[in-house]
Trainee: 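Got a structure here, written out as structure tokens. Questions coming.
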Amino acid sequence: MIWIETLSRHREIVARVHAGDTATIGRGYDNDAIVDDPCVAPRHARVCRNEDGALIVEDLASRNGIYDEDGKRRQAVRLTGNTLFRVGQTWLRVRDETFRVAPECVMLPGKRLWPWLLLALTLAFGTCFLSRWQADVFERSNVVTQYGMPLLWFALIASVWVVFWAVLTRLFAGRTRVIPHAIVALTGFAIVTVADSLRSWLSFAFSWRALADYGFVFFWFLAAVVFYAHLRIISARHLPHKAAIVSVLALCICLAQWLESNPFSGEDVSDSGFYPGKLYPPSWRIVEPRTEEQFFGHVRALKGAVDELRARSARTETPAGKDDAHPEGNRTPQAKGETWDGTK
């Protein structure tokens with residue numbers, strides 16, 4: 001006795017048909033396993049046993065044939081309990097009564113996701129509020145404008161983000177899973193906000209230009225982790241491939257953003273491009289700032305470099321339009337009273 005299983009695109013069982021040792025597969029109603037696929041012939045394939053007693057599936061002269069797991073067309077495929085084969089656009093699997101299933105899983109208490117969702121909400125809105133408060137310390141503004149509008153915009157964007165991933169999960173996995181997606185999104189936002197504030201303070205406290213200039217690398221790395229978590233919620237299949245794809249995308253974005261800063265121009269004569277994320281009170285610095293003499297010495301050196309660059313540009317520059325406007329510029333000065341034909 002055998003069972004013919006129809007699988008979904010995620011290799012999950014959609015239907016299971018019980019048949020004898022020999023069964024036919026096709027779109028016609030005279031088959032043991034009916035496959036509703038326009039690319040499947042009325043009588044497409046047959047499952048039987050060979051001389052060794054092993055199960056095989058063989059093509060019944062169909063136009064589209066049978067394909068194995070590697071996508072190669074075969075006349076016949078030897079079947080084990082875990083062998084997959086495709087007819088048309090439909091994946092199938094055949095098992096008999098000798099197939100051993102895994103032992104039952106231990107039932108765990110149901111996961112209560114609401115506490116985690118409330119914690120993620122608290123972290124996300126708390127970090128957003130603290131970020132606004134930190135900006136308000138140095139720049140006073142209207143309370144509604146400073147706190148209300150950013151929180152409302154964050155709630156709107158977070159809702160759209162979670163709904164987007166829930167719709168994708170519904171399309172590809174058959175369920176929405178709104179709460180797990182919300183937990184991932186809110187936790188990721190909180191981590192990114194805290195990390196950005198920490199990066200900004202460290203770049204100010206230690207005068208680390210690298211943190212200010214290349215902090216986007218850490219941001220895109222965290223974004224890749226969030227994307228991977230969302231993809232994992234949709235389906236737990238092909239996780240290494242998903243991790244590789246989001247990593248490559250994050251790396252490409254970082255490379256593009258780095259190239260956009262024109263690192264090979266060679267025109268930067270100073271470190272004037274160093275802008276820390278935020279300005280903090282001087283007492284928050286860990287590394288002592290430059291003395292007055294060091295600062296003005298650096299200004300003088302910078303002025304000399306700029307003057308030298310301007311002088312070099314002036315020496316290599318030719319006044320535009322001089323030859324056309326003043327023909328005498330192409331010959332030696334004429335004597336007083338001399339005309340252009342050389343007469344006095």
Side-chain angles (χ1 to χ4, degrees), residues 9-11 111 113 116-132 134 150-151 153-204 206 208-264 273 275-278:
R9 69 182 69 180
H10 300 294
R11 308 301 187 265
K111 296 180 180 179
L113 297 179
W116 295 103
L117 178 61
L118 293 177
L119 178 60
L121 279 171
T122 303
L123 288 176
F125 279 93
T127 52
C128 184
F129 178 84
L130 289 177
S131 178
R132 295 292 91 198
Q134 185 182 42
L151 293 176
W153 274 110
F154 165 71
L156 177 61
I157 294 173
S159 300
V160 173
W161 180 265
V162 172
V163 169
F164 168 76
W165 285 104
V167 170
L168 287 183
T169 309
R170 176 65 179 177
L171 292 176
F172 292 100
R175 45 187 177 173
T176 55
R177 307 201 67 183
V178 175
I179 295 180
H181 283 301
I183 292 174
V184 168
L186 294 173
T187 305
F189 173 80
I191 294 176
V192 168
T193 303
V194 172
D196 182 68
S197 298
L198 184 61
R199 176 195 63 82
S200 179
W201 172 71
L202 288 176
S203 64
F204 173 81
F206 291 96
W208 285 346
R209 176 172 179 168
L211 281 177
D213 290 346
Y214 304 110
F216 61 88
V217 176
F218 186 63
F219 169 79
W220 287 114
F221 169 76
L222 290 177
V225 173
V226 172
F227 269 85
Y228 172 77
H230 284 299
L231 294 175
R232 194 178 190 280
I233 292 173
I234 294 177
S235 174
R237 295 180 58 86
H238 307 297
L239 293 181
H241 296 83
K242 294 176 181 177
I245 290 173
V246 296
S247 299
V248 170
L249 288 176
L251 182 61
C252 292
I253 294 174
C254 290
L255 182 61
Q257 193 165 346
W258 177 65
L259 292 176
E260 187 180 4
S261 63
N262 199 12
F264 306 110
Y275 299 102
K278 295 183 180 67

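Keep in mind that the numbers below use all heavy atoms, side chains included, and drop hydrogens, waters and symmetry copies.
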Trainee: Please, which pairs that meet side-chain hydrogen bond (donor to acceptor under 3.5 Å, both in side chains) have at least one residue in residues 218-229, sequence neighbours excluded?
Mentor: Trp220-Gln257
Trainee: Does atom CZ of Arg11 have more than 12 heavy-atom neighbours, drawn from other residues, nucleotides or ligands, at distances under 6.0 Å?
Mentor: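 Yes, enclosed.
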Trainee: Report all side-chain donor-acceptor pairs from residues 154-166 shorter than 3.5 Å, counting only partners two or more places apart or in another chain.
Mentor:
from: Ser159; atom 1: OG; to: Ala155; atom 2: O; distance (Å): 2.7
from: Trp161; atom 1: NE1; to: His230; atom 2: NE2; distance (Å): 3.0

Trainee: What distance separates Ile233 CD1 from Ile183 CD1, expressed to the nearest 0.5 Å?
Mentor: 8.0 Å
Trainee: Out of curiosity, Phe221 CZ to Ile253 CD1, how far, rounded to the nearest 0.5 Å?
Mentor: 14.0 Å
Trainee: State which residues pass side-chain contact (heavy atoms from CB on, under 4.5 Å) with Thr169; sequence neighbours excluded, sorted by chain then number.
Mentor: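 For Thr169 the side-chain contact (heavy atoms from CB on, under 4.5 Å) partners, ignoring immediate neighbours, are Ala173, Arg177, His181, Ile234.
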Trainee: Could you list the donor-acceptor pairs under 3.5 angstrom formed between side-chain atoms of residues 239-249 and any protein atom two or more places apart in sequence or on another chain?
Mentor:
from: Lys242; atom 1: NZ; to: Leu231; atom 2: O; distance (Å): 3.3
from: Lys242; atom 1: NZ; to: Ser235; atom 2: O; distance (Å): 2.7
from: Lys242; atom 1: NZ; to: Arg237; atom 2: O; distance (Å): 3.3
from: Ser247; atom 1: OG; to: Ala243; atom 2: O; distance (Å): 2.7

Trainee: If you count every heavy atom of other residues, nucleotides or ligands that lies below 6.0 Å from Phe216 atom CZ, does the total exceed 12?
Mentor: yes
Trainee: Could I get the full list of side-chain contact (heavy atoms from CB on, under 4.5 Å) partners for Ala190, not counting sequence neighbours?
Mentor: Leu123, Thr127
Trainee: Please enumerate all residues that pass side-chain contact (heavy atoms from CB on, under 4.5 Å) together with Ala195, with sequence neighbours excluded.
Mentor: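 Only Phe218, Leu222 meet the side-chain contact (heavy atoms from CB on, under 4.5 Å) criterion with Ala195.
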